[in-house]
Colleague: 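Shown below is the structure under consideration.
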Amino acid sequence: MKHYFILNPAAGSGKFVGELSQRIVETCKQKKVDFDVYITKKVGDATDFVRRVCLNTPEGESARFYSCGGDGTNYEVISGAYGFDGVSVGFIPSGTGNDFIRCFDGKENFHDISAQLDGSTDRIDLIKCNDRYVMNMLNTGFDCEVARRAAILKKKPMISSSMAYIM
């Protein structure tokens with residue numbers, strides 16, 4: 001199995017990319033697994049990358065994608081992987097809210113790269129809306145307005161990502 005780590009440099013205000021990338025490389029080399037690290041360049045890039053890899057993975061081979069970002073990155077990776085056999089998705093949270101991991105016990109294991117590599121997979125339900133798939137929530141109306149305004153506030157000095165959502 002090949003392991004693909006998709007890092008979103010915009011997630012969590014970009015604080016985690018360097019340190020997380022280093023941990024990924026060290027752990028994968030130590031465990032002698034076949035892996036790649038991909039850093040996204042723009043919105044939608046994770047979906048395109050995952051889909052491209054899936055389409056080019058030879059039949060009978062498997063791939064595991066690790067979404068390294070927030071819920072938005074997770075959404076993109078799931079969207080790219082959906083519908084392909086032999087594909088699984090893991091999540092290494094490094095975003096602002098990381099709402100997805102709140103659904104699970106043992107949240108610390110999501111940050112443990114070695115545990116992720118050794119982990120087994122389980123199927124989860126997805127929510128389909130207009131030919132798109134999401135994992136744990138679908139927001140409309142007021143929630144979307146909060147997210148839009150928080151994105152603007154996060155760019156201002158002295159306002160943390162979590163404070164932007166509160167404001």
Side-chain angles (χ1 to χ4, degrees), residues 1-28 33 35-54 63-84 87-104 106-119 121-122 124-129 132-139 143-144 146-156 159-166:
M1 175 186 314
K2 181 141 186 186
H3 300 266
Y4 296 90
F5 294 85
I6 296 115
L7 281 74
N8 178 354
S13 303
K15 296 181 273 191
F16 306 105
V17 173
E19 181 262 330
L20 180 56
S21 182
Q22 182 179 349
R23 282 186 21 231
I24 289 167
V25 170
E26 289 171 1
T27 304
C28 288
V33 299
F35 76 99
D36 277 331
V37 174
Y38 182 79
I39 298 174
T40 61
K41 296 160 188 61
K42 61 183 179 173
V43 172
D45 192 27
T47 299
D48 293 341
F49 173 77
V50 171
R51 188 169 289 130
R52 195 169 48 251
V53 169
C54 289
R64 184 174 294 169
F65 298 93
Y66 300 88
S67 170
C68 306
D71 293 314
T73 308
N74 211 11
Y75 154 74
E76 286 195 24
V77 172
I78 291 279
S79 295
Y82 181 79
F84 289 97
V87 172
S88 58
V89 175
F91 182 48
I92 300 172
S94 53
T96 304
N98 300 315
D99 289 322
F100 182 65
I101 67 167
R102 294 178 192 184
C103 300
F104 300 91
K107 295 172 187 63
E108 63 280 354
N109 290 327
F110 282 93
H111 295 280
D112 184 339
I113 295 163
S114 183
Q116 288 269 8
L117 291 168
D118 294 337
T121 59
D122 286 320
I124 63 169
D125 291 331
L126 297 177
I127 303 165
K128 181 178 180 182
C129 180
R132 294 183 180 192
Y133 293 88
V134 296
M135 304 84 44
N136 59 312
M137 75 172 87
L138 173 70
N139 296 340
D143 284 344
C144 294
V146 169
R148 185 187 72 76
R149 290 184 186 194
I152 294 167
L153 289 170
K154 285 192 281 189
K155 295 177 183 174
K156 297 191 181 287
I159 297 178
S160 68
S161 295
S162 56
M163 182 55 75
Y165 283 100
I166 293 168

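The figures that follow rest on heavy atoms only: side chains count, while hydrogens, waters and symmetry mates do not. The residues of the chain are indexed from 1 along the displayed sequence.
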Colleague: So, does Asn74 use its side chain to make a donor-acceptor pair with the main chain of Gly70 at under 3.5 Å?
Modeller: no

Colleague: Run the side-chain contact (heavy atoms from CB on, under 4.5 Å) check on Leu153 and Met163 step by step: do they pass?
Modeller: CA-CA 9 Å; Leu153 289 170; Met163 182 55 75; over 6 Å; no

Colleague: Phe65 vs Phe49 aromatic rings, parallel, tilted or perpendicular, using cut-offs 30° and 60°?
Modeller: perpendicular

Colleague: Is any side-chain heavy atom of Val25 closer than 4.5 Å to one of Phe35?
Modeller: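 Yes. Closest side-chain heavy atoms under 4.5 Å.
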
Colleague: Check step by step if side-chain contact (heavy atoms from CB on, under 4.5 Å) holds for His3 and Leu117.
Modeller: CA-CA 8 Å; His3 300 266; Leu117 291 168; 3.5 Å; yes

Colleague: Hey, are the side chains of Glu76 and Thr73 touching, using non-hydrogen atoms and a 4.5 Å cut-off?
Modeller: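 When only atoms from C-beta onward are counted, Thr73 and Glu76 do not touch, as no gap falls below 4.5 Å.
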
Colleague: Can you give me the closest heavy-atom contact between Ser94 and Cys68, atom names plus distance?
Modeller: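 Closest approach of Ser94 to Cys68: OG-C, 3.5 Å.
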
Colleague: Of all heavy-atom pairs between Ser67 and Val77, which one has the smallest distance, and what is that distance?
Modeller: CB-CG2, 3.8 Å

Colleague: Nearest 0.5 Å, please: how far is CG in Leu20 from CD1 in Ile92?
Modeller: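 Nearest 0.5 Å value for the CD1-CG distance: 6.0 Å.
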
Colleague: Compare every heavy atom of Tyr38 with every heavy atom of Arg52, then report the nearest pair and how far apart it is.
Modeller: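 Heavy-atom minimum between the residues: NH2-OH, 4.3 Å.
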
Colleague: Please walk me through it: do Asp45 and Thr40 pass side chain to side chain donor-acceptor pair (under 3.5 Å)?
Modeller: CA-CA 6 Å; Asp45 192 27; Thr40 61; 5.2 Å; no

Colleague: Just how far is it from atom CD1 of Ile24 to atom CD1 of Ile113, taken to the nearest 0.5 Å?
Modeller: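 That separation rounds to 5.0 Å.
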
Colleague: Which heavy atom of Val37 sits nearest to which heavy atom of Ser21, and what is that distance?
Modeller: CG1-OG, 4.1 Å

Colleague: Could you go step by step and tell me if Phe5 and Asp36 meet the side-chain contact (heavy atoms from CB on, under 4.5 Å) rule?
Modeller: CA-CA 6 Å; Phe5 294 85; Asp36 277 331; over 6 Å; no

Colleague: Do side-chain atoms of Arg51 reach the backbone of Ser79 as a donor and acceptor pair under 3.5 angstrom?
Modeller: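 Such a contact is found between Arg51 side chain and Ser79 backbone.
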
Colleague: If you measure from CZ on Phe91 to CD1 on Ile78, what distance do you get to the nearest 0.5 Å?
Modeller: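 Output value for this atom pair is 10.0 Å.
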
Colleague: Looking at Arg23 and His111, what are the two nearest heavy atoms and their distance?
Modeller: NH2-O, 2.5 Å

Colleague: If you look at every heavy atom in Ala150 and Ala164, which pair is closest and at what distance?
Modeller: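 Closest pair (atom of Ala150, atom of Ala164, distance): O-CB, 3.6 Å.
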
Colleague: Can you check side-chain contact (heavy atoms from CB on, under 4.5 Å) on Tyr66 and Gln116, steps first, answer last?
Modeller: CA-CA 9 Å; Tyr66 300 88; Gln116 288 269 8; 3.8 Å; yes

